[in-house]
Amino acid sequence: MGAMLSSTQQQEPRTPPQSGLTEYALRKAAAEKGCDVGHGQFAGYLRWGLLPDPENGRWSPMTVDRLIEIGNAGKRARRLERRAVLLGVPNPEKRRKAMVALARIMKAPKLKVRRLQRAAAKLEAQPAPTDVYGNPVYWRPQPPKTWRLPEPSSWPSVLNDPLTRERFEWISLAAYYSAEALLVHEEELDDVLKRIPREEVVLLLVIQELSMHQHMLRETIRNQKKKG
């Protein structure tokens, strides 16, 4: 007769297997599909919000496709802050952080602003511009006459201004939609936008909208102080 189990062994519950994939399993699954990601790269993806935070140290199996998407995006945007803006990240604070970092490294920002403004003006002048779904594209309202786009050196401050924080999430998400609408029509715009990386188009749209919102809020506060 085999040895009897102790009372502790008899009562010990079985631990159910944990669902989800560990970091190693995620990276292995991506590698099997041709996308090799090292531990350091994986940590960077998490830091910039490109990957969701784990639950109990594990990720959904669907995260494998996201990991591959991030890896493939490296062909268009090598730096992670660029990739974070290019692909978009769900966490608005990490999205803001990536945009601040991109604003600090963008080259020839004034030239790109002028190109984007020419493209938007040309598209708006055409009858009934539409997006990829055939819906009308509505660009931002006419800016106040007293508003001017801030100097590029102050763009990080615009992004971090407490006055604009509550509007950042909505404005930044809308910028992706507007960027797609512009890029759909880039042939009609003489390919002017091909010279601006998509992530920079998104950033420039965000800066324009946020700085305009910032300006209007400050004007309102100034007028209220005058009345008071």
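Here, residue 1 is the first one in the sequence, and each next residue gets the next number.
- Between R95 and E169 the shortest side-chain heavy-atom distance falls below 4.5 Å.
- Applying the side-chain hydrogen bond (donor to acceptor under 3.5 Å, both in side chains) test to residues at least two apart or on different chains, the pairs with a partner in residues 104-114 are K110-E151, K112-E200.
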I105 vs E81, side-chain contact (heavy atoms from CB on, under 4.5 Å): CA-CA, chis, key distance, verdict: CA-CA 10 Å; I105 63 171; E81 59 266 58; 3.9 Å; yes
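- Atom CG of residue N160 and atom CZ of residue R165 lie 5.5 Å apart, to the nearest 0.5 angstrom.
- D36 and A31 make their closest contact through OD1-CB, 3.3 Å (heavy atoms, listed as atom of the first residue, atom of the second, distance).
- The minimum heavy-atom distance linking V206 with A175 is given by the pair CG2-CB, 3.5 Å.
- Side-chain atoms of D161 never come within 3.5 Å of backbone atoms of S157 as a donor-acceptor pair (strictly under, hydrogens ignored).
- The structure places CZ of R195 at 8.0 Å from CG of L111, a figure rounded to the nearest 0.5 Å.
- Rounding to the nearest 0.5 Å places CZ of R148 at 12.0 Å from OG of S211.
- The shortest distance between side-chain heavy atoms of K94 and L50 does not fall below 4.5 Å.
- With a 4.5 Å cut-off on side-chain heavy atoms, L204 and W155 count as touching.
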side-chain contact (heavy atoms from CB on, under 4.5 Å) between F168 and L210, worked out: CA-CA 7 Å; F168 172 80; L210 272 184; 3.7 Å; yes
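- Contact of the Q208 side chain with the Q117 side chain is registered, since non-hydrogen atoms from C-beta on lie closer than 4.5 Å.
- Between the R198 side chain and the A179 main chain, no donor and acceptor come within less than 3.5 Å of each other.
- Exactly one residue among R83, R82, R76 makes a side-chain hydrogen bond (donor to acceptor under 3.5 Å, both in side chains) with E199. That residue is R82.
- Counting heavy atoms from C-beta outward, N91 and D53 have side chains that stay 4.5 Å or more apart.
- Residues I221 and M212 do not share a hydrophobic cluster, defined by chaining ILVMFWY side chains whose heavy atoms lie under 4.5 Å apart.
- Counting heavy atoms of neighbouring residues, nucleotides and ligands inside a 6.0 Å radius, atom CZ of R66 exceeds 12 of them.
- Side chain of R58 to backbone of L21: no donor-acceptor contact under 3.5 angstrom is found.
- The pair K33-D65 counts as a salt bridge, with a side-chain nitrogen and a carboxylate oxygen less than 4.0 angstrom apart.
- C35 places none of its side-chain heavy atoms less than 4.5 Å from the side chain of L67.
- Considering OG of S178 and CD of E209, their distance stands at 7.5 Å, rounded to 0.5 Å.
- Residue I68 is grouped with residue W48 when hydrophobic side chains (ILVMFWY) are merged at heavy-atom distances under 4.5 angstrom, including chains of intermediate members.
- No donor-acceptor pair closer than 3.5 Å links the side chain of R167 to the backbone N or O of H213.
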Worked verdict on V202 versus M99 for side-chain contact (heavy atoms from CB on, under 4.5 Å): CA-CA 9 Å; V202 171; M99 290 188 177; 3.9 Å; yes
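- A distance of 7.5 Å separates CD of E23 from CG of L46, quoted to the nearest 0.5 Å.
- Taking the side chain as every heavy atom from C-beta outward, V37 and I70 never approach each other to under 4.5 Å.
- Within 6.0 Å of the CD atom in E219, the count of heavy atoms belonging to other residues, nucleotides or ligands exceeds 12.
- Cluster annotation: V158 is connected to W170 through the hydrophobic network of ILVMFWY side chains, with a link wherever side-chain heavy atoms come within less than 4.5 Å.
- Hydrophobic clustering (side-chain heavy atoms under 4.5 Å, transitive across Ile, Leu, Val, Met, Phe, Trp, Tyr) groups I196 together with Y176.
- Linking ILVMFWY residues whenever their side-chain heavy atoms come closer than 4.5 Å, directly or via other members, places I171 and W147 in the same cluster.
- No donor-acceptor pair under 3.5 Å is formed between the side chain of S154 and the backbone N or O of P150.
- With values rounded to the nearest 0.5 angstrom, T146 atom OG1 is found 12.5 Å from R218 atom CZ.
- Judged by distance alone, the side chain of T63 and the main-chain N or O of W59 form no donor-acceptor pair under 3.5 Å.
- Between K97 and E93, no side-chain nitrogen of the basic residue sits less than 4.0 Å from a carboxylate oxygen of the acidic one, so the salt-bridge criterion is not met.
- When each of V85, L86, L159 is paired with L102, the side-chain contact (heavy atoms from CB on, under 4.5 Å) condition holds for V85 and for no other.
- The backbone N or O of Y177 sits nowhere less than 3.5 Å from a side-chain atom of E180 that would complete a donor-acceptor pair.
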